[in-house]
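The structure appears below as structure tokens.
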Protein chains: 2
Amino acid sequence: MSLEKSAEGGTGRPAPGRVEDVRRGNLIRILASMAEARTDPDTRPTRADLATRTGLTKASVSSLVAELLDAGLLAESGTTRDGERGRPGVGLELSTSRGVVGMEINVDYIAAGLLDLGGTLRIHRTLESSNRGQSPPSVMALLGGLVRDIAAEASAAGIEILGGGLAVPGLVDSASGTVASAPNLQWRGVGLQLEQLLPSAPFGLALYNEANCAALAELWYGHGLDFRDYLFISGEVGVGGGLVIGSELFAGPRGQAGEVGHVVVEPSGPDCSCGGHGCLEAFAGQEAVFSEAGIAPGAASVRLARLGEQLAAGDAAAVAAVSRAGHYLGIAAASTARLMNLSAVVLGGHFTPMGRWIRPALQRSLAEYAPGLISDARVEISELGQSAALLGAAGSSLRAVLAAPFTLTPAGR
Amino acid sequence: MSLEKSAEGGTGRPAPGRVEDVRRGNLIRILASMAEARTDPDTRPTRADLATRTGLTKASVSSLVAELLDAGLLAESGTTRDGERGRPGVGLELSTSRGVVGMEINVDYIAAGLLDLGGTLRIHRTLESSNRGQSPPSVMALLGGLVRDIAAEASAAGIEILGGGLAVPGLVDSASGTVASAPNLQWRGVGLQLEQLLPSAPFGLALYNEANCAALAELWYGHGLDFRDYLFISGEVGVGGGLVIGSELFAGPRGQAGEVGHVVVEPSGPDCSCGGHGCLEAFAGQEAVFSEAGIAPGAASVRLARLGEQLAAGDAAAVAAVSRAGHYLGIAAASTARLMNLSAVVLGGHFTPMGRWIRPALQRSLAEYAPGLISDARVEISELGQSAALLGAAGSSLRAVLAAPFTLTPAGR
DNA sequence: GCTAATTAGTTTTCAATCTGAACTATATGC
DNA sequence: GCATATAGTTCAGATTGAAAACTAATTAGC
């Protein structure tokens, strides 16, 4: 189930432009301006600031802010004495008593967290769980328990939950809430009962791809603060990706863009689970790196730790395996950069712990295959770690709320 | 010089939502609805039709249409007697007495044409000219002459020229009107004096990439009628491309997306003029195909004709050369389809005459590298020929007019 | 302390624009 | 020729933001 409740009708054509739509747009503008100002926690914007920032008049801002206060999306936070002359303004903030839930189902764990509208992660719980091959209902039941705990805690803290987002490592159809294919969970064509997780949240719950979420988390909480356009590559069991263009996720016509793991990097390469061959995943996925480095089979976390040790010790096989992965990552990134006119790459997932070794190899490869397109300074390693997908899912949900405030407001009806 | 005169301020943030903006949006809706209805020439839409189609009331439509008639963008075309009961409506059409100029500078020729707002190509002139290595001013002077002829003819036919678009085979910066690099013309960092071509057109003149224009022409006048999302690959001296997503061109963050010719398809492949190596262009560009087929050097058109003969005669070297090109096109298309979630490919340029032979090779390659993503039926060969880029440039310009009608209307001031 | 200056926010008036309903115009069908 | 149906216009009413006047609360200077 998608939570997109845009101003569009069912026809695909935009709804007729009525005078009321102007107000809807301006409510969104106010919230967008608040979200943008969020980086500066000391000086909360006042109505007058918002008027300057949005170009609206003070009168309009007052009226719009009143409506958003009423809907509980904004809150006043005391007068701001800036020491200047004149009447002090009243500070405004995105409400910390409303929030959204971010959730993640991964191969080895499930997780859920609560993000308030101000963007602060207020609660965060992770539960180890071997989900590979488990039935979707049983995993959803486990997640449901986690979410109920969080909902209870939120309620105790006086936080109302407005919506949520769930990230899974696979191709999803956000509109229908189904997982088309999640090879690492061994799920295929699975419809998830999303409504049951947050039955009373007015914005419902949306389903997202994990790597896409991680890419957005990088935008909102990581290096993305400096980057507006980049390819995010997430190393997991497979290799996932997310394309950020103009500070927004490029989801493609059917919401499944970013599958950089199946870009062909070696036409004569080995067969891939996707049915093709020569895919990046066969050179940069976990199994490829571990076996190339001569690391014995076992749990992924153990193998990753072992690889880290060997890299730190300067083990030749480990260094070569990681360099090879970086080389092929560079080929895929070079092609992507040409195709989509991108100028930055961010690596996450299992690439993060091998960052020190894989980054130079990737940089060399980029210089070899697409000189001048992506400078060395624009190859970054994510530092968000395991919470990235959860943050991205929650952030997406948060943005959905801020983009449709009229759902909670008189203008919505 | 870009002709984007959106409602945005210079800040990158949308302009404040005023009540007047509703009307601007609705003027655009009316024109968009007219452009959409254009496929059915017999039954021209009436005001009542537009009211139904847009969801606006008859009263609003009447008022909006009056303004557009006044601005000369729409025209009445007699009452439509449909045989039904009731007062017959007055047919409306996009004005055929306003138009835009499409222009193209290519290696072997220049061309210009006039498209009326209804989308009919009213005039079309091509001039053979060896432009490789010629100075930009001299080529622009030649094009200027062609455009003056067309302007005179338009004037004689009572058609007012509102704007235009120029397609060149290279990377362009549309905002500044400069050609960053056009290797086949041997131009690099060239600022073109676009204003001089159409000094009095209210919408000015925009600069576009040739392959992008051809991709859009395919959307508006070719197979694109069935496709909303596809990769267009244009074979010229190099290999260009255009990405169409949701019936719109994906231009990328800096307007230079679609460079499929420099996707890496063979990591150990030969060096490329772009500085990288193993690019698709080295396997599917003209020189690669001709030399692989054993065709002696000479003029491109002669060599292409020769290749056609050899293919028709079943010459093994020619067939092998084209198959190899198709194979590598498939690799690049497979990667692109994964990355951007595309499901169709259209080939144009020099691939059109070799279509019968290259299509099966491309289909085989797609089945090998990305099975299930792009069905055989969604691999098409363009039939627009040499006029594609010109049509695309003119069409882009036409759409710019329809997307900013208030430029010519009281609401614009 | 008192007054002027300054900035924040509200109230009032006005113009733009859409909707909806009533109305006029012009066909077809019997 | 009259009923019916559809196209298009006119006009009152509602929503909304802009602009300007106004009220509120603070600092600066004496």
Side-chain angles (χ1 to χ4, degrees), chain A residues 7 14-30 43-69 74 76-92 406 409-413, chain B residues 7 9 14-30 43-69 74 76-92 405-406 409-413:
Chain A
R18 293 178 312 254
V19 178
E20 295 95 45
D21 295 335
V22 174
R23 192 166 184 87
R24 291 188 167 201
N26 284 336
L27 288 169
I28 295 172
R29 270 190 188 88
I30 296 288
T43 58
R44 301 199 192 287
T46 63
R47 290 171 176 79
D49 289 337
L50 289 173
T52 311
R53 299 167 64 113
T54 60
L56 294 163
T57 60
K58 289 189 295 174
S60 302
V61 170
S62 275
S63 158
L64 292 161
V65 164
E67 191 167 334
L68 293 170
L69 288 171
L74 287 185
E76 293 188 333
S77 60
T79 56
T80 63
R81 283 196 195 77
D82 54 358
E84 296 282 305
R85 271 200 219 184
R87 170 177 167 180
V90 177
L92 296 169
F406 36 81
T409 261
R413 277 161 282 152
Chain B
R18 292 176 313 251
V19 179
E20 292 93 20
D21 294 335
V22 174
R23 191 166 185 87
R24 292 188 167 201
N26 285 337
L27 288 169
I28 294 171
R29 269 190 189 88
I30 296 286
T43 57
R44 301 198 192 287
T46 63
R47 289 171 178 78
D49 289 337
L50 289 173
T52 310
R53 298 166 65 112
T54 59
L56 295 163
T57 60
K58 289 190 295 175
S60 302
V61 170
S62 275
S63 159
L64 292 161
V65 165
E67 190 166 336
L68 293 169
L69 287 170
L74 288 185
E76 294 188 334
S77 61
T79 56
T80 63
R81 283 196 195 77
D82 53 359
E84 297 280 307
R85 272 199 218 186
R87 171 177 167 180
V90 177
L92 296 168
F406 37 81
T409 261
R413 275 163 280 153

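Quick note on labels: first sequence line is chain A, next is B, and so on, each numbered from 1.
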If you pin R47(A) and V19(A) to their nearest nucleotides in DNA chain C, which one's is more 5'? R47(A)
OP1 or OP2 of dC18(C) less than 4.0 angstrom from a side-chain nitrogen or oxygen of N26(B), does that happen here? yes
Nearest whole Å is fine: how far is dG9(C) P from L64(A) CG? 14 Å
Identify whether any heavy atom of V22(A) sits under 4.0 Å from a base atom; if not, whether one sits that close to sugar-phosphate; answer base, sugar-phosphate or nothing. sugar-phosphate
Could you state the interatomic distance from CD1 (I30(B)) to CG (L68(B)), rounded to the nearest 0.5 Å? 7.0 Å
Between C1' on dT15(D) and CZ on F406(A), what's the gap in Å once rounded to a whole number? 17 Å
Given atom CG of L27(B) and atom P of dA16(C), what is their separation to the nearest angstrom? 15 Å
If you compare every side-chain N and O of R18(A) against the phosphate oxygens of dT17(C) (OP1, OP2), does one of them come in below 4.0 Å? no
Whole Å only: how far is the CD atom of E20(B) from the P atom of dA19(D)? 9 Å
Between S63(B) and S63(A), which residue's closest nucleotide on DNA chain D lies nearer the 5′ terminus? S63(B)
dT15(D) P sits how many Å from R24(A) CZ, rounded? 14 Å
d(CG, D49(B); C1', dG8(D)) in whole Å: 12 Å
Over all strands shown, is A59(A) touching base, sugar-phosphate only, or nothing at heavy-atom distances under 4.0 angstrom? base
Can you tell me how far apart CG (L64(B)) and CZ (R23(B)) are? Round to the nearest 0.5 Å. 4.5 Å
Hey, is the side chain of S62(A) poking within less than 4.0 Å of OP1 or OP2 on dA8(C), counting only N and O atoms? no
For nucleotides 25-30 of chain D, 5' to 3', base contacts (B), sugar-phosphate-only contacts (S) and non-contacts (-) with protein non-hydrogen atoms under 4.0 Å give BBBS--
What is the distance from CG of L50(B) to P of dT9(D), rounded to the nearest Å? 12 Å
R44(A) and S77(A): CA distance, side-chain angles, deciding distance, side chain to side chain donor-acceptor pair (under 3.5 Å) verdict: CA-CA 8 Å; R44(A) 301 199 192 287; S77(A) 60; 3.2 Å; yes
Below 4.0 angstrom from OP1 or OP2 of dT16(D), is there any side-chain N or O of S60(A)? no
Under 4.0 Å, counting only non-hydrogen atoms across every strand here, what does V90(A) touch: a base, just sugar-phosphate, or nothing? sugar-phosphate
Could you give the NZ-to-P distance, from K58(A) to dC22(D), as a whole number of Å? 14 Å
Please check: side-chain N/O of S63(B) versus main-chain N/O of A59(B), any donor-acceptor pairing under 3.5 Å? no
